[in-house]
Amino acid sequence: MNLAGTITLAHGSGGRAMHQLVDNLIRQTFTNPLLEEGEDQARIPLAELVAQGDRLAFTTDSYVVTPLEFPGGNIGTLAINGTVNDLAVGGAKPLYLSCGFIIEEGLPLETFARILQSMRLAADEAGVQIVTGDTKVVQRGGADKLFINTAGVGVIPAGFNPSAGGAQVGDVVIVNGWLGDHGAAILNARGDLALEADIESDCAPLNALVEAMFAVCPDIHCLRDATRGGLATVLNEFAERSNVDMVLKEEFLPIRTPVRGMCEILGLDPLYLANEGKLVAVVPITAAQAVLAAMQRIPEGYHACIIGAVMEGDGHVILQTAFGGERIVDMLPGEQLPRIC
Amino acid sequence: MNLAGTITLAHGSGGRAMHQLVDNLIRQTFTNPLLEEGEDQARIPLAELVAQGDRLAFTTDSYVVTPLEFPGGNIGTLAINGTVNDLAVGGAKPLYLSCGFIIEEGLPLETFARILQSMRLAADEAGVQIVTGDTKVVQRGGADKLFINTAGVGVIPAGFNPSAGGAQVGDVVIVNGWLGDHGAAILNARGDLALEADIESDCAPLNALVEAMFAVCPDIHCLRDATRGGLATVLNEFAERSNVDMVLKEEFLPIRTPVRGMCEILGLDPLYLANEGKLVAVVPITAAQAVLAAMQRIPEGYHACIIGAVMEGDGHVILQTAFGGERIVDMLPGEQLPRIC
Amino acid sequence: MCLGIPGQITELVDLEFLVAKVDIGGVKRDVIITCVVDDEHPAESCVGDWVLVHAGFAMSRLDEEEAARTLALLAELGDMQAEIDLMRQVETST
Amino acid sequence: MCLGIPGQITELVDLEFLVAKVDIGGVKRDVIITCVVDDEHPAESCVGDWVLVHAGFAMSRLDEEEAARTLALLAELGDMQAEIDLMRQVETST
Amino acid sequence: MKYMDEFRDPATAKKLVEEIKRLAPIARGQRDMPLQIMEFCGGHTHTLFKYGIESMLPADIEMVHGPGCPVCVLPMARVDDCVVIAEQPGVIFTTFGDAMRVPGTCKSLLQAKADGCDVRMVYSPMDALAIARKNPDRDVVFFALGFETTMPSTALTLLQAHREGLKNFSLFCNHITTPATMRAILTDPDLRLDGFLAPGHVSMVIGAHPYDFVTRDYRKPLVITGFEPLDILQALWMLVKQFAEGRCEVENQYARIVPEAGNVEGLKAIAEVYETREHSEFRGLGNIGDAGIQIRETYAAYDAERKFKLQAAASTHDPEHLKCADVLRGVMKPWECPAFAKTCNPQNPLGALMVSPEGSCAAYYAYGKLAKRKENT
Amino acid sequence: MKYMDEFRDPATAKKLVEEIKRLAPIARGQRDMPLQIMEFCGGHTHTLFKYGIESMLPADIEMVHGPGCPVCVLPMARVDDCVVIAEQPGVIFTTFGDAMRVPGTCKSLLQAKADGCDVRMVYSPMDALAIARKNPDRDVVFFALGFETTMPSTALTLLQAHREGLKNFSLFCNHITTPATMRAILTDPDLRLDGFLAPGHVSMVIGAHPYDFVTRDYRKPLVITGFEPLDILQALWMLVKQFAEGRCEVENQYARIVPEAGNVEGLKAIAEVYETREHSEFRGLGNIGDAGIQIRETYAAYDAERKFKLQAAASTHDPEHLKCADVLRGVMKPWECPAFAKTCNPQNPLGALMVSPEGSCAAYYAYGKLAKRKENT
Ligand code: SF4
Ligand code: SF4
Ligand SMILES: [Mg+2]
Ligand SMILES: [Mg+2]
Ligand SMILES: [Mg+2]
Ligand SMILES: [Mg+2]
Ligand SMILES: [Mg+2]
Ligand SMILES: [Mg+2]
Ligand SMILES: [Mg+2]
Ligand SMILES: [Mg+2]
Ligand SMILES: [Mg+2]
Ligand SMILES: [Mg+2]
């Protein structure tokens, strides 16, 4: 397909222009037999699913990032990995994705094609297929360039049942590496704070990592990817739902220097920064070393470490500071705003 | 939840405000056991699915309509019925939906709550459950008030296999009623053409209708809902994919007077107007009367009628005019624009 | 060129600016009636009148008698045609 | 109030408008150095200097000697403390 | 719908076609070619194709599609001017939907909109005026386009803006007059035409007399015609009757809408606001004296051309391989254009004739499929 | 990170705490209440809570959280003024993130933004100036807020706008000076304070001498303090030493940043652009003569207050049941406010003290959870 020019309303009209965009660009990039059917819905043999587990996992996320492309990824890689990860942290093997585009007229076709291409690569890396989709085009000013929704289905093997409410006193808390990279990379890439930093989004699929973890410990108590709201928010969910306290050791928290630097400049707390390739696991202490070792064998887990423990309590996250004090790490009321005072 | 005020960026931040919105408004409105789990993904027993058919149907659509609310429905009812219908026209029994909101800050909470409420009602009417979801909030000017994506899964009973490529010479073409109501209602509701007409969107779930149709004719050759691009676009897809001609009789086409009136004023062709509760079926002539009779017993099929037949050809849609002539009804290049000349 | 549709004036909306509501197949729109108002047809008398609407303006009155006359002529032509057909049949059959 | 962070000037960006690039834990930002430039410290000499950055302005020079002195004092305090601890131990053990 | 459905009756059509078929050989007489009837107006072309009328006509009659489509005769340079205006900061450019897709030298208004210009479709120039009232800090320009049918509406809108003292409303005037355009066609040495269907809606404004020169000076019979299929068939019947009976008159098939003298108020508004341009270039018609229209000096404040200081549009000719001009003048059939259905198609129109549903190229493109199908089956 | 991590060393902290514990009883002497030390600056409050320092201190010392948080002392009426300005058509209202969430009488700037105002967060007033350069057709206002630390940056930005002749940039000046505010606290008859930690970053601008009146006139020892946890512990140690040794001096713990004489260029810019207001109302502090700051007549063109003709903010008092003023003055503890943790909480702050991470109410809200947990376990 000729990639000169931009997306116009015609590409979302339901007519010939839309069919050409869908057939010659989108479908061609994502190509796979289920998608090729070209019906209003993908049709997946249930027998194939039943062979892999006993429950269907089903999830969705919309992606609205600005800018569309940033160091370490783009909205397309986020859309694939984010949904893959939401399936994976349920213990599921991610299998099939849907993909809904909402495009602001004027988006260069070439940008769109590039994002599609990286979605394809991300899907291949995660071992999933995009089997159904939808494309809408809205007026100039009616959207911010491009939004992507993905929904995903996967299959959860029998016996895997991680849950935000499953943490038990004595469990340990593990993350798979550096915190806050994605949030800092986006702040940086947006450019309106005029900062320059060598920070890349951590955007990555976590399904291989999760598979390795379950292989050594089918009884992972809690498992979540730490996206919007960061580590702090996920741990607050765990603590509240499990009615225990999560106690973190500040010096165990893996935070890169430029991320710390950006936080110091802007008065932000890295514990609330978004990640797109980080998970938090709560595992029985007896399994902790095995899980950690399994994680550290997978690239997405090279920097996995224990950051804290589950203690008796009534649903708080507590940070033991390196300085020797303690403080509550509450869920934030809203977005963290850069501050100067 | 207190519905005074508006959606702000805090509601999409991942923090407390978002959790409150999700828990106290969205989850409470959609409430069902799978959703209550509150994990990153819904977990659906596969055994329950296998009991209903042999294939999983999976589809998605994003909804971007302006205005959000219009006679006959709103963006929420569209989001439920549209995805229910895309599952149904694959022969599937629609079961579970995901739901992704993209909200422009400033949307009145009360509007959002009203739309959620009608989604719940639409889901109940269609017999589906919203089991997983996502909420994003974007800056003012970053979206047009509210976009909704739904993805859906359902199960297709063994033997049902409608397909755009399945039309055979001699088949008849059936629609379930008045054409173009949704497109005309939206044009009217937008108000920028300053027209006043008593036209309601036909937004409706078609799964009960489809079930009734398959009950009398498991061998429906083609089945699609005629949404964007209207009847003309669906029939062009059928014709091209089946490599036959679809020949329509103009006097058989059910079009309400005000829809015709609006089309005459604006120079539009009702065959390209969107519908949100209309399907087009191509069925063997031997089954036509049985299918029609079955349809006419269901409210969404009261006005079902035969509008044409499949003839030998190379993929065109031909309209035999009431006046005695013939013309090609091609797919439009882009959106139909009102014209004056 | 020049899409124009017959509609019937149902209501006067603004006598100063000569705005009236027109009904076209059940669809209503405010149109400017400047071009169809004159001494013979003051605005006040327009309700019920048929006009040709183009681009939001009533551009001409529809002369209902002329319309009837044209239709009558066409019908007559039909009769004439029927006569001719009949004559031909008669000719053929004889 | 008044979040301020030490950073090191790595580059002069604009001598006329007194803009310099500052490095803070690997993050760089252009800041205005008007307040840290004087006859004794001309702009040209600033690269390598540590400054306190607030709201995009270098607001003060960081006196590295003073910093060292403070740290030394604190370390000394540590030694003193260690001495006291030792004394106490000796006292207790006797 | 009243006054529409009655004029779409297939039974009556059948009778009319019979009559035409009966009279056509007589009308054609000794001509070696079929009778060439030009429907001047794109609206008529649209009806012909929409109802499949040409296929009903005897071989003695051949329809020639005229240039009566305001977007079809619009030179690319004028679309470029629209884009230039729309790109000014603060401008809201308003237009009928028709003009949105017409290609300019590098982009259409639809593309300009996608690229960020505030281009809005309106149903009426009065709606553009309402936008101006509602946006006092924006400059609202209406693309005034069309033959005499549309001129009163834009003139009355301008006069209303003037009455209200609105400073942020102007017209980009690209109106064109029918009789002058017809005269240009009639003087074309390449053209062979036997008669005209004249545009009914133009005529309701200008009346019947402006066509007198056609019968008087050029001896071509002419019937003013409505837009329903029976209107056209009746008008064709009236035309063949004129030929058969050796008459050459201006007749009015569309008497229910077209008064002999036209519309007094409409003509008054036109005369008040507009005057003819000395030079005006139209696509396919070249520089037609008297056909182009501009806003009088009195209303200069409402003239977008003056307000935005547009250069007099350079005479831009279409690229050599695009034959829109020849098709417009009726000297070439669409399929004879080398671009037809190849590089130029409805998805990607190179010329305006492929854009508008009234454009003959677009119509033949669709019609061609049908014809091909008929051959095959 | 250099010059930060060294001042966060827990081993050194332990030694300092030991020293403080050793000296505190001597310092306290015969007082029946603990030593009341006010950290004037919200930045210090933040450090205290972030590192859990209060829990390390002996019972002889009680920290009193001062009003040194520019958003905390901002009267609601000033936020209302911001919203009024932001609502003007064409305005881009720029601000530090801190002020975004502060409630006004009916909305915060964050809500004004959600309701359609163009409110943008910036890191530096210079970034606001850059926005003004890039948007010559918009009016860019910067919300100039803060104590002396921030005043040079806004003054220099204004002077730069003046040099460039920018007509579309202005400051909404709400600066406030530290010594005048301290004097207001010291004259409050309700208050009992023994000594001060003085704000390190204000001091780097104004130097050490402006505090002389505190020791001279009010006999309260004062230590200028940095923002790392060791800075605070060292300063507290210095303070207890003063008490223990019977001294009453202005000491400078933060000599690495704070020069004796302050910052010459910064003070010059302040003097050039700003002057004190006659009347200025601050939350909790009432009308403090000399504390409020306005833009001099010479730079009136850059003064948003004049440009948008704001009424002199009516003296709006907080509703009776909101005790922000008392908490700010240090005469009431946050939990004594009847709204605390009930109607007023971080999700739905009624007062600014519940908004900012430096606000004592927000800090105690979080701290309270911890305390409660400790009781339980
Ligand atoms: S085919 Fe295209 S280029 Fe050729 S005459 Fe028609 S519109 Fe013009
Ligand atoms: S609890 Fe709220 S209202 Fe009470 S003093 Fe604190 S901030 Fe003010
Ligand atoms: Mg999700
Ligand atoms: Mg996610
Ligand atoms: Mg779709
Ligand atoms: Mg945008
Ligand atoms: Mg998740
Ligand atoms: Mg779909
Ligand atoms: Mg659909
Ligand atoms: Mg989500
Ligand atoms: Mg909007
Ligand atoms: Mg569909």
Side-chain angles (χ1 to χ4, degrees), chain A residues 8-10 13-17 19 38-47 49-50 53-62 64 86-87 89-90 92 96 98-100 102 131-134 136 138 141-144 147 149 151 153 156 163-164 224-225 227-229 233 331-335, chain B residues 8-10 13-17 19 38-47 49-50 53-62 64 86-87 89-90 92 96 98-100 102 131-134 136 138 141-144 147 149 151 153 156 163-164 224-225 227-229 233 331-335:
Chain A
T8 65
L9 290 176
S13 68
R16 194 67 71 185
H19 280 79
E39 299 295 338
D40 274 1
Q41 67 301 116
R43 302 172 191 178
I44 303 158
L46 277 168
L49 303 181
V50 170
D54 64 350
R55 284 153 299 154
L56 186 79
F58 181 27
T59 192
T60 194
D61 262 316
S62 301
V64 296
D86 271 347
L87 292 171
V89 296
Y96 301 109
S98 71
C99 177
I102 298 174
V131 294
T132 188
D134 177 55
K136 295 288 188 304
V138 299
D144 191 7
F147 300 149
N149 175 284
V153 292
I156 310 174
S163 151
R224 280 274 166 101
D225 54 339
T227 53
R228 265 186 299 179
T233 301
M331 216 181 267
L332 286 185
E335 214 178 3
Chain B
T8 64
L9 290 176
S13 67
R16 194 67 72 186
H19 279 78
E39 299 294 339
D40 274 1
Q41 67 301 116
R43 302 171 191 180
I44 303 158
L46 277 168
L49 303 181
V50 171
D54 65 349
R55 282 154 300 156
L56 185 79
F58 181 27
T59 192
T60 194
D61 261 317
S62 301
V64 297
D86 271 346
L87 291 171
V89 296
Y96 301 109
S98 70
C99 176
I102 298 174
V131 294
T132 188
D134 178 56
K136 295 288 186 305
V138 298
D144 192 7
F147 300 148
N149 174 285
V153 292
I156 310 174
S163 150
R224 280 274 166 102
D225 54 340
T227 54
R228 266 186 299 179
T233 302
M331 216 181 266
L332 286 185
E335 215 178 2

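Side chains are part of it too, since the values below use all heavy atoms of this structure and drop only hydrogens, waters and symmetry mates. Convention: sequence-line order gives letters A, B, ...; per-chain numbering from 1.
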Heavy-atom proximity to chain A below 4.5 Å, by part of [X]:
{"X": "B:L49", "value": "both"}
{"X": "B:F147", "value": "side chain"}
{"X": "B:S62", "value": "both"}

**Prompt:** Using a distance-only test with no angle check, is there a side-chain donor-acceptor pair under 3.5 angstrom linking A:E39 and B:S163?
**Reply:**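 There is such a pair (donor and acceptor under 3.5 Å, judged by atom type) between the side chains of A:E39 and B:S163.
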
Options [options], ranked by heavy-atom pairs under 4.5 Å with chain B, top entry:
{"options": "A:A92, A:A17, A:A42", "value": "A:A42"}
{"options": "A:A57, A:P333, A:G15", "value": "A:P333"}
{"options": "A:T8, A:L9, A:V89", "value": "A:V89"}

**Asked** Just how far is it from atom OG1 of B:T60 to atom CG of B:D86, taken to the nearest 0.5 Å?
**Response** 9.0 Å

**Asked** Taking atom CG of A:L332 and atom OG1 of A:T233, what is their separation to the nearest 0.5 Å?
**Response**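 The OG1 atom of A:T233 is 6.5 Å from CG of A:L332, to the nearest 0.5 Å.
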
**Asked** Excluding sequence neighbours, so at least two apart, what forms side chain to side chain contact (heavy atoms under 4.5 Å, CB included) with A:S13?
**Response**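 Once residues adjacent in sequence are excluded, the partners of A:S13 under the side chain to side chain contact (heavy atoms under 4.5 Å, CB included) criterion are B:E335.
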
**Item:** Partners passing side chain to side chain contact (heavy atoms under 4.5 Å, CB included) against B:R228 (at least two apart in sequence or in another chain)
**Value:**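 B:R228: side chain to side chain contact (heavy atoms under 4.5 Å, CB included) contacts with A:M18, A:D134, A:K136.
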
**Request:** Name the region of A:I102, side chain, backbone, both or neither, that has any atom closer than 4.5 Å to a heavy atom of chain B.
**Result:**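 Side chain of A:I102 only, per the 4.5 Å heavy-atom cut-off to chain B.
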
**Item:** Side chain, backbone, both or neither of A:V50 within contact of chain B (heavy atoms, under 4.5 Å)
**Value:** both

**Prompt:** Is a side-chain donor or acceptor of B:S98 paired with a backbone partner of B:A151 at a separation under 3.5 angstrom?
**Reply:**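 Yes.
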
